[in-house]
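Worth saying up front: this structure is predicted, and the values here are computed from it rather than measured.
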2 protein chains.
Amino acid sequence: MAGKPARRATGGAALPPEDARTLPARLFAILDAFTRPAPAVSLSLTAISERSGIPLSTTHRLVGEWVTWGGLTRQADGRYTLGLRLWELGMQTPTTRTLRTIALPYLEDLYEATREHVHLAILDGHDALYLEKLSGHRPVHVISRVGGRLPLHSTGVGLVLLAHAPNDVIHEYLSQALQRFLPGTITEPEELRRRLAGIRTLGIAVMSEEMTAGSSSIAAPIRDRTGMVVAAVSVVTRTTAGVEHDHEQAVQAAAQGISRALGYRRAVAARG
Amino acid sequence: MAGKPARRATGGAALPPEDARTLPARLFAILDAFTRPAPAVSLSLTAISERSGIPLSTTHRLVGEWVTWGGLTRQADGRYTLGLRLWELGMQTPTTRTLRTIALPYLEDLYEATREHVHLAILDGHDALYLEKLSGHRPVHVISRVGGRLPLHSTGVGLVLLAHAPNDVIHEYLSQALQRFLPGTITEPEELRRRLAGIRTLGIAVMSEEMTAGSSSIAAPIRDRTGMVVAAVSVVTRTTAGVEHDHEQAVQAAAQGISRALGYRRAVAARG
DNA sequence: GACGCGCTTCCAGTGAGTGGAATCCCCGAC
DNA sequence: GTCGGGGATTCCACTCACTGGAAGCGCGTC
């Protein structure tokens with residue numbers, strides 16, 4: 001076993017830019033420049049060079065390679081943006097594609113039934129990665145974004161995903177300092193652990209004012225044919241709305257519908 | 001001027017794999033192996049090596065680089081699939097992101113109003129690139145796919161996009177041999193040219209049985225604040241359904257709604 | 001009109017990348 | 001239990017593709 005000195009990146013952050021010694025690493029660092037330190041829509045050549053820590057002339061050449069392939073696009077003003085080909089390939093990634101295709105109709109139903117923000121997320125590293133989001137015309141007072149990440153302990157989908165994650169993931173997650181976003185955010189490991197247990201028992205998570213003031217969230221787990229939790233759906237509402245119970249049922253119905261479409265059969269669940 | 005022997009790829013096809021001499025080109029060829037010659041969800045190392053024309057041991061190393069970064073994922077069975085990071089970055093590409101976010105609510109409305117397949121596409125190279133698709137629970141009897149491409153002359157969105165494309169694009173497109181999918185497919189350049197003119201005048205395209213037997217399509221153009229056509233919406237129905245007129249209005253309403261949301265004001269349109 | 005900033009091009013030196021070959025590993029067949 | 005084979009992995013000396021400082025260019029600004 002072993003071999004390489006294992007430099008795997010767990011979540012999506014980490015990795016100082018200076019690691020970019022080899023050519024492939026440098027190519028990737030160029031794309032990462034659009035995400036880190038802060039997401040950017042467009043960057044100038046110099047900015048890319050600075051963010052990625054690659055000498056200007058080298059950056060120039062490598063950016064050229066990306067543009068030729070379509071991974072970066074050069075705008076009229078000379079600045080660069082991420083290119084369509086990335087999007088095209090991204091749409092082919094299997095989890096994303098299957099899950100999204102299967103789930104979308106149910107999410108639409110859920111949206112129609114509740115008229116609230118509807119989310120679909122999966123666990124990636126130590127974050128909830130948002131695969132889909134329907135919001136209708138209402139002003140977007142939530143911070144989630146398709147393709148974006150949010151912490152596990154302060155979002156509805158996050159808690160559901162964490163509750164059903166392998167033990168070592170839960171352990172790892174709880175052993176780090178958890179950020180408090182609002183007074184209501186739970187950051188104490190033991191309390192969180194109890195809460196996760198509750199979520200596992202109830203099959204649903206209900207949160208209020210833990211990430212964004214004025215909004216609550218109801219989330220439920222989605223299982224595949226092996227019974228494993230692979231994603232979570234949620235509905236996020238203004239806290240004032242008092243129709244939560246109806247929403248709970250709608251969220252659970254959606255989660256169950258998607259699970260069933262993925263091949264999950266309650267009876268078969270845990271063991272064959 | 002000049003310099004490099006200009007090896008730009010126009011559409012998304014072309015480029016024989018042998019062009020992969022430089023390291024960046026090879027890295028890209030590895031990703032392209034998942035698209036070409038035919039889309040593949042997962043590939044073995046050997047398969048990647050063959051499809052990309054890169055020697056096995058080199059492929060091995062480069063695939064390793066992709067995996068480290070997250071552009072490829074190694075499955076339990078040892079095969080590789082495109083990785084989540086591609087999807088994540090793909091969701092950040094500006095056209096895609098802005099257009100999708102703004103258009104989605106209108107597409108949802110359109111879907112609710114018609115209960116038919118709803119499409120959103122843009123022009124990329126010589127193809128219609130599908131950005132979004134809502135289908136409800138009905139069986140997918142259409143071939144479009146989010147992230148997929150279809151020809152311009154045989155789809156509703158395609159015709160609309162072509163009709164409003166720059167003259168040189170229209171010229172280029174019409175000077176190639178056009179594939180006939182069904183007896184109804186128009187492949188004669190002059191006829192197509194007249195048809196494009198009609199679409200520009202009417203502001204809407206209606207097609208029947210030109211790509212897939214038994215389905216029709218109604219499409220309308222979406223403009224941005226400069227008045228340029230940047231995308232197209234369509235509704236695809238079974239040909240039997242006789243409610244086309246209602247649908248025409250609904251499609252146009254959606255297209256206008258999105259255009260307005262993008263900052264388009266009718267009056268400002270063509271010239272300042 | 002000339003200064004400066006950011007982008008582009010050049011080119012000689014060299015170390016990162018190459019890939020054929022040997023090895024390992026997993027399975028299925030006998 | 002042993003053999004055979006296809007795929008994945010590792011190795012390493014050679015060499016050529018990549019590097020990056022420096023010079024050149026284009027354009028907006030003072």
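- Between A:Phe28 and B:Trp69, the ring planes are parallel. Angles under 30° get that label, and only those over 60° would be called perpendicular.
- For A:His60, whose side chain is taken as the heavy atoms from C-beta onward, the closest listed nucleotide among D:dG20, D:dA8, C:dT9 is C:dT9.
- Looking at the side chain of B:Pro24, the nearest of the listed nucleotides D:dA8, D:dC18, D:dT9 is D:dC18.
- Contact between B:Gly158 and B:Ala128 at its shortest, heavy atoms only, is CA-CB, 4.2 Å.
- Set against C:dG17, D:dT19, D:dT9, the side chain of A:Thr22 has C:dG17 as its closest nucleotide.
- Nearest to the side-chain atoms of A:Pro55 among the listed nucleotides C:dG17, D:dG20, D:dG7 stands D:dG20.
- Summarising the geometry, the separation between CZ on B:Arg26 and C1' on D:dA17 is reported as 11 Å, rounded to the nearest angstrom.
- A donor-acceptor contact under 3.5 Å links the side chain of B:Ser57 to the base of C:dG20.
- Among D:dG20, C:dG17, D:dA8, the nucleotide with an atom closest to any side-chain atom of A:Arg61 is D:dG20.
- Picking from D:dC18, D:dA22, D:dT9 the nucleotide with the shortest atom distance to the side chain of B:Arg74 gives D:dT9.
- For B:Leu56 and C:dA21, the CG to C1' distance is 12 Å, given to the nearest whole Å.
- OP1 or OP2 of C:dT18 has not a single side-chain nitrogen or oxygen of B:Thr58 nearer than 4.0 Å.
- We find that CD1 of A:Ile48 is positioned 14 Å from P of C:dG6, with the value rounded to whole Å.
- Below 30°, between 30° and 60°, or above 60°: for B:His126 and B:Tyr173 the angle between ring planes is above 60°, a perpendicular geometry.
- In this structure, B:Leu62 atom CG and D:dA17 atom C1' are separated by 14 Å, rounded to whole Å.
- Atom pair B:Asp77:CG and D:dA8:C1' shows a separation of 13 Å (rounding to whole Å applied).
- Using a cut-off of 4.0 Å between Lys/Arg side-chain N and Asp/Glu carboxylate O, B:Arg26 and A:Glu65 are scored as not salt-bridged.
- Taking atom CD of residue B:Glu50 and atom C1' of nucleotide D:dA8, one finds them 14 Å apart after rounding to whole Å.
- Closest approach to the A:Leu23 side chain among D:dT19, D:dA8, C:dT18 is made by D:dT19 (side chain taken as heavy atoms from C-beta onward).
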